[in-house]
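Structure record follows, encoded as structure tokens.
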Amino acid sequence: MFNRSRQVTCPHCSETNFWKGNPGPTDELYCRGCDGFVTLYDDYIRDAIHQEAERVLARFTEASTAEDLAHLKEVLTEPERRLSA
């Protein structure tokens, strides 16, 4: 589900970095390649949750046209399965 390895790519040099131990919300991550600032742990968690929420929502909102049409045809050919209004 989440990026449990806590790997973060440096925006400056694209080096892979990661959190060790149990960082606090205000702990800063610096790149091991270029020593540039990467992110705060709080921002990293917020971004990870946001990305996961987007992924889950996309999975439920993507239309499956072929399946939807097949279901619609099936319902329309069997009047007893239709909902009464």
Checklist entry - What orientation do Y41 and W19 show, parallel under 30°, tilted 30 to 60°, or perpendicular over 60°? => result perpendicular
R46 meets the side-chain hydrogen bond (donor to acceptor under 3.5 Å, both in side chains) criterion, sequence neighbours left out, with D42, D43
Residue pairs passing the salt bridge (Lys or Arg N to Asp or Glu O under 4.0 Å) test with at least one member in residues 10-26, sequence neighbours excluded, are E15-R32
Note: C31 and V38 closest approach over all heavy atoms is N-CG2, 3.6 Å
In terms of heavy-atom contacts, C34 and H12 come closest through SG-CB, 4.0 Å
Contacts of E28 meeting side-chain contact (heavy atoms from CB on, under 4.5 Å) (sequence neighbours excluded), chain-then-number -> Y30, F37, L40
Notebook entry, point to check: With a 4.5 Å limit on heavy-atom distance, are the side chains of L29 and Y44 in contact?
Noted result: no
Main-chain N/O of G24 paired with D27 side-chain donor or acceptor, under 3.5 Å
yes
